[in-house]
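See below for the structure under consideration.
Just so you know, ligand 1 is whichever comes first in the structure, and atom 1 is the first atom listed for that ligand. For the numbers below, each heavy atom of this structure counts, side chains included, while hydrogens, waters and symmetry mates do not.
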Amino acid sequence: MRSIWVILVVLGVATLRGAECRKARRLEETLEYYAISCRAHSASITDFGGVGDGKTSNTKAFREAISQLSQYESDGGSQLFVPPGQWLTGSFNLTSHFTLYLHKDAVLLASQEISEWAVIEPLPSYGHGRDAAGGRYISLIFGTNLTDVVVTGDNGTIDGQGALWWQQFHRKKLKYTRPYLFEIMHSDNIQISNLTFLNSPNIIIQGITILAPVTSPNTDGINPDSCTNTRIEDTYIVSGDDCIAVKSGWDEYGISYGMPTKQLTIKRLTCISPYSAAIALGSEMSGGIEDVRAEDITAINTESGVRIKTGVGRGGFVKDIYVKGMTLHTMKWVFWMTGNYGSHADTHYDPNALPVIQGINYRDIIADNVSMAARLEGISGDPFTGICISNATIGLAKKAKKVPWTCTDVEGVTSGVVPQPCGSLPDQGPEKVGMCAFPTENLSIDNVEIKRCSYRMI
Ligand SMILES: *[C@@H]1O[C@H](CO)[C@@H](O)[C@H](O)[C@H]1NC(C)=O
Ligand SMILES: *[C@@H]1O[C@H](CO)[C@@H](O)[C@H](O)[C@H]1NC(C)=O
Ligand SMILES: *[C@@H]1O[C@H](CO)[C@@H](O)[C@H](O)[C@H]1NC(C)=O
Ligand SMILES: *[C@@H]1O[C@H](CO)[C@@H](O)[C@H](O)[C@H]1NC(C)=O
Ligand SMILES: *[C@@H]1O[C@H](CO)[C@@H](O)[C@H](O)[C@H]1NC(C)=O
Ligand SMILES: *[C@@H]1O[C@H](CO)[C@@H](O)[C@H](O)[C@H]1NC(C)=O
Ligand SMILES: *[C@@H]1O[C@H](CO)[C@@H](O)[C@H](O)[C@H]1NC(C)=O
C-alpha cells in the first residue's frame, strides 16, 4: 500500500506586500504564502479566458488551465492564481505538483447546472452512495492519485451554493449522492489552508496527507476518511453536522477495503454544531480508527464533545484515542458513545461483525451549562473498554437531567471528575488526576516543513 501522509493546517492568511506604483502605472503586487512546496511556473485563470463576473462559466478555463499546467509536473511544478472576483465554475480536477492559490477577494462559485457535474462511482469503502444507491456527483474540486498539491489562499472563499442540492435532498429528488466541495483520494502530500468553505453540499478530504486549515460555515465540516498522517489545525467550523467526522468505510464494504484512519492530530479546533459533535469517530468506521490525538478543542452550543458512533455489523475498531484540553459551553452531553447507531449500507451486513472500542482517553476538560455529563452505551456482549477520564469539571445547567451519567456496557476508570461518574468507571483517587494518557512524541506529520512561496501579480 502506498504510504499516505498529509498535513492539514491553520486558518492562516498570506501576507500582501510590496504594492508599488510602477512608472507604467501598473500595480504590481507580490503575494506571499506558506506551503509544503513552492512552484517554478505561474499562471492566472485570466490567461485562459477566465471571467470573474459571477455569471460567466469558467469551467472550460479551469480545465484548460490545469491541463496546460500539468505539463510542468516534473519541471518544478506550477501555480494557478485566481484574482479578486466571483468565478462561477463546474467541477474540475487537480494535477500533481500544483498549487491553486485564491486571492482574499476571490470567490469560487459552484455551478448550479446539474449537467456540469459528472457522475462517478461510489467510494469503494462505502459500496453505495450515502444519499442514494449507485453513483455520486463528482466533487467541485477533485483529485485522485496525486502527489504534492496545495490549495490555499489569503482566506479566499469556495462557495458550494449548496441550497440547490439541499432542496433536491429534502424533496427526495436526488438521483445520486450530493457532491462534496473538495475531495482528494489516494494522494499524498496535500495541503489545504487559509480558505473559507461556504455552503458546501458536503466536504471530504480522503486518503491523504494534509496540512489544512479550513474556515467552514454551514457545511458538514471535514471528513478524514481512511487517511494516514493527517493534521488539522486552527480550524473554525460552524456545521449542520459533525464539525470533524473521522471515518473509514461502511459495514462489509469498509471491512473488505480495510483501510483505517490513523495518526490524525486535531489541534485548536473551534466548533459550533448544535445538532452534532465537535469530533465524531464513525459511524462509518469499519476499516478502523486508531491513534487520534485531539488537543485544545473549544465547542459552543454543540450537542457533544468527542463522540463515538458505531453498531453491530460495522466491525472494525476505534482504539487509542487521546483527547486533552476541551473547553465546552452549552452542551447536551460532554461524553457520548453510541453502540446502536444503525444506518446500514444495505441488508448484507454481517451481524457477527462487532466493533472493538478500546483505549479512549479524555483529560483536562472544563464544561458549563451541560444538560447531562455522559451517555455511554456500549454493545451488549461487546463492551467498550479501557475508557479513562481524568480532570474533568462539568457544570450542569439549571435544567439539567436528574441523573448526570448513564453507562451501559462500558468499562474504565476516572479521577478528578465532577459530577461523580457511574459505578462502571470507578474513581481512582485524586492523586491520579493526571492519569489518562496523551502521547508526548510527535507524529511524522507534525514535523513537516513549510516554505514561504510567492506569486507576482501584474
Ligand atoms: C495562514 O495564514 C496565517 C496568517 O494569518 C499564517 O501565519 C499561516 O502561516 C498561513 N498558513 C498557511 C499554511 O498558509
Ligand atoms: C476528473 O476525474 C474523474 C475521475 O478520474 C473523471 O471521471 C472525470 O471525467 C474527470 N473530469 C475531467 C473534467 O477531466
Ligand atoms: C489510484 O490509486 C488506487 C489506490 O492506490 C489504485 O487502486 C488505482 O488503481 C489508482 N488509479 C490510477 C488511475 O492509477
Ligand atoms: C475569513 O473570511 C470569513 C468570511 O468569508 C470570515 O468570517 C473570517 O473571519 C475570515 N478569517 C480570517 C482569519 O480573516
Ligand atoms: C486540569 O485541567 C485544567 C484545564 O482544564 C488544567 O489547567 C490543569 O492543569 C489540569 N490539571 C492537571 C493536574 O493536569
Ligand atoms: C444554557 O443552555 C441553554 C440551552 O440548554 C440556553 O438556552 C442558555 O442560553 C444557556 N445559558 C448560557 C448562560 O449560556
Ligand atoms: C513537534 O511538532 C511541532 C509542530 O507541530 C514542532 O513545533 C516541534 O518542534 C516538534 N517537536 C519535535 C521534538 O520535533
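The nearest protein atom to atom 4 (C) of ligand 2, hydrogens excluded, is given as Phe142 CE2, 3.8 Å; this is a heavy-atom distance. Closest to atom 7 (O) of ligand 2 among all protein heavy atoms lies Ile120 CG2, 3.9 Å.
In this structure, Tyr101 and Phe81 have parallel ring planes: the angle between them is below the 30° cut-off, well short of the 60° mark.
For ligand 3, the polar-atom distance check against His186 finds no nitrogen or oxygen pair separated by under 3.5 Å.
Taking CG of Asp225 as the start and OG of Ser248 as the end, the distance is 7.0 Å to the nearest 0.5 Å.
Atoms of ligand 7 lying under 4.0 Å from any heavy atom of Asn447, numbered from 1 in the order shown and given with element: 1 (C), 2 (O), 10 (C), 14 (O).
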- Item | Residues Arg39, Asp148; criterion salt bridge (Lys or Arg N to Asp or Glu O under 4.0 Å); working and verdict | CA-CA 11 Å; Arg39 311 297 180 193; Asp148 183 20; 2.8 Å; yes

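Partner Asp242 forms a salt bridge (charged side-chain N to carboxylate O under 4.0 Å, His left out) with one of Lys247, Lys309, Arg307 and no other, that one being Lys309.
Inside a 4.0 Å radius of atom 14 (O) of ligand 2 there is at least one protein heavy atom.
Here Lys267 does not pair with Asp234 in a salt bridge; the nearest charged N to carboxylate O distance is not below 4.0 Å.
In terms of heavy atoms, Gln191 sits closest to Ile36 at OE1-N, 2.9 Å.
Across Asp446, Val448, Leu443, Asn442, heavy-atom proximity to atom 8 (C) of ligand 7 is greatest for Asn442. Among Ile138, Asn93, Thr144, the residue whose heavy atom lies closest to atom 11 (N) of ligand 2 is Asn93.
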